Amino acid sequence: MSDLPQRLQELVEDFSYCEGQEKLEYLLEISEGLAPLPAWLNSQRDSMDEVHECMTPVFIYADKQDGRLYYHFDIPPESPTVRGFAATLQQGIDGSTREQVQAIPNDFYLQMGLQDVLTGQRLFGISAILAHMKALAV
């Protein structure tokens, strides 16, 4: 797990302490912390990267500042599971370098135990969000 940025590693560890439905409850709690789309991006939503693999409309924008990446998401509030994973990534990755983002294993969420509480379709969406974030980090 040493390939994870420190804050993301901490979040993964937090999930590892949860059992069963607690994992889903924690994910939903984290979803409340997803930062709203900044006002300056509202008019640019159509130019944001869309994660077509998700059933939920997910739009991502990577803001690159001084060699660091900061991600912005636009995800409907009625999709708390997807928002929770996006918030986990946002909180865990923001401020990372391109190299740090690229080094994150695509299946790192398995260490969180999410496969025990989410369907395969949801897990596929999670992988797709991370893949898009990596693509935007180039």
Side-chain angles (χ1 to χ4, degrees):
M1 247 337 128
S2 61
D3 289 337
L4 297 181
Q6 174 143 358
R7 179 62 185 133
L8 186 57
Q9 176 62 43
E10 292 168 2
L11 288 166
V12 168
E13 287 175 15
D14 289 347
F15 273 95
S16 73
Y17 298 125
C18 299
E19 294 184 20
Q21 283 301 111
E22 291 177 339
K23 292 180 186 296
L24 185 56
E25 291 168 12
Y26 187 50
L27 189 65
L28 297 178
E29 181 182 317
I30 290 175
S31 75
E32 296 170 9
L34 183 65
L37 197 61
W40 61 269
L41 260 178
N42 284 331
S43 64
Q44 300 178 42
R45 184 175 183 260
D46 292 342
S47 65
M48 293 174 65
D49 190 61
E50 183 175 2
V51 182
H52 295 284
E53 298 87 345
C54 282
M55 289 176 33
T56 298
V58 175
F59 293 87
I60 307 172
Y61 181 83
D63 188 13
K64 300 168 188 165
Q65 300 174 17
D66 300 321
R68 303 274 176 190
L69 292 156
Y70 300 88
Y71 291 94
H72 303 284
F73 293 90
D74 187 21
I75 303 170
E78 45 291 335
S79 299
T81 304
V82 178
R83 288 177 62 86
F85 190 69
T88 300
L89 288 170
Q90 186 180 58
Q91 293 170 23
I93 295 176
D94 269 4
S96 297
T97 64
R98 180 184 69 78
E99 293 80 16
Q100 289 171 316
V101 172
Q102 295 294 336
I104 298 170
N106 293 335
D107 62 353
F108 86 92
Y109 59 85
L110 295 175
Q111 297 298 318
M112 299 163 74
L114 293 178
Q115 68 277 11
D116 297 334
V117 293
L118 297 177
T119 65
Q121 191 170 20
R122 290 265 187 227
L123 295 174
F124 179 73
I126 286 171
S127 295
I129 292 171
L130 179 59
H132 281 261
M133 292 174 78
K134 286 182 172 188
L136 291 171
V138 212

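The shown structure was predicted, so the numbers you read here are calculated from the model rather than taken from an experiment.
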Please evaluate residues Tyr109 and Ser127 with respect to the criterion side chain to side chain donor-acceptor pair (under 3.5 Å), reporting the C-alpha separation (whole Å), side-chain torsions for both, the decisive distance (0.1 Å), and the verdict. CA-CA 9 Å; Tyr109 59 85; Ser127 295; 3.2 Å; yes
Hey, mind stepping through Thr56 and Arg122 against side-chain contact (heavy atoms from CB on, under 4.5 Å) and telling me if it holds? CA-CA 10 Å; Thr56 298; Arg122 290 265 187 227; 4.2 Å; yes
Applying a strict under-4.5 Å side-chain criterion to I, L, V, M, F, W and Y, I'd like to know whether [X] and [Y] cluster together.
X      : Y      : answer
Leu136 : Ile129 : yes
Leu24  : Val12  : yes
Val117 : Ile30  : yes
Leu110 : Leu11  : yes

Carefully, step by step, assess Glu53 and His132 under the rule side chain to side chain donor-acceptor pair (under 3.5 Å). CA-CA 10 Å; Glu53 298 87 345; His132 281 261; 3.0 Å; yes
Heavy-atom distance under 4.5 Å between the side chains of [X] and [Y], does that happen here?
X      : Y      : result
Ile126 : Leu123 : yes
Thr81  : Ser31  : no
Ile104 : Pro5   : yes
Pro38  : His72  : yes
Met133 : Ile93  : yes
Glu50  : Val58  : no
Leu28  : Arg83  : no

For Glu99, side-chain contact (heavy atoms from CB on, under 4.5 Å) partners two or more places apart: Thr97
Taking ring pair (Phe, Tyr, Trp, His ring centres under 6.0 Å) as the criterion, tell me which of Phe73, Tyr70, Trp40 meets it with Tyr61. Trp40
Rounded distance [0.5 Å steps], [atom1] in [X] versus [atom2] in [Y]:
X     : Y     : atom1 : atom2 : value
Lys23 : Asp14 : NZ    : CG    : 10.5 Å
Asp63 : Tyr71 : CG    : OH    : 10.5 Å
Arg45 : Asp74 : CZ    : CG    : 4.5 Å
Leu69 : Asp94 : CG    : CG    : 8.5 Å
Ser96 : Arg7  : OG    : CZ    : 12.0 Å
Leu37 : Phe59 : CG    : CZ    : 10.5 Å

Counting distance only, does the side-chain N/O of [X] pair as donor-acceptor with the main-chain N or O of [Y] below 3.5 Å?
X      : Y      : answer
Gln90  : Ala35  : yes
Gln111 : Phe108 : no
Lys134 : Arg98  : no

Just checking, any donor-acceptor pair under 3.5 angstrom between side chains of Gln21 and Glu25? no
Can the ring centroids of Tyr26 and Phe15 be said to lie less than 6.0 angstrom from one another? yes
Decide side chain to side chain donor-acceptor pair (under 3.5 Å) for Glu13 and Gln9; before the verdict, give the C-alpha distance in whole Å, the side-chain angles of both, and the deciding distance to 0.1 Å. CA-CA 6 Å; Glu13 287 175 15; Gln9 176 62 43; 3.0 Å; yes
Taking every heavy atom of Ala103 against every heavy atom of Asp3, the minimum-distance pair comes out as O-CB, 3.3 Å
Tell me the closest heavy-atom pair linking Ile75 and Ala86, and the distance in Å. CD1-CB, 3.4 Å
Take atom CD of Gln65 as the centre, draw a 6.0 Å sphere, and report whether it contains more than 12 heavy atoms from other residues, nucleotides or ligands. yes
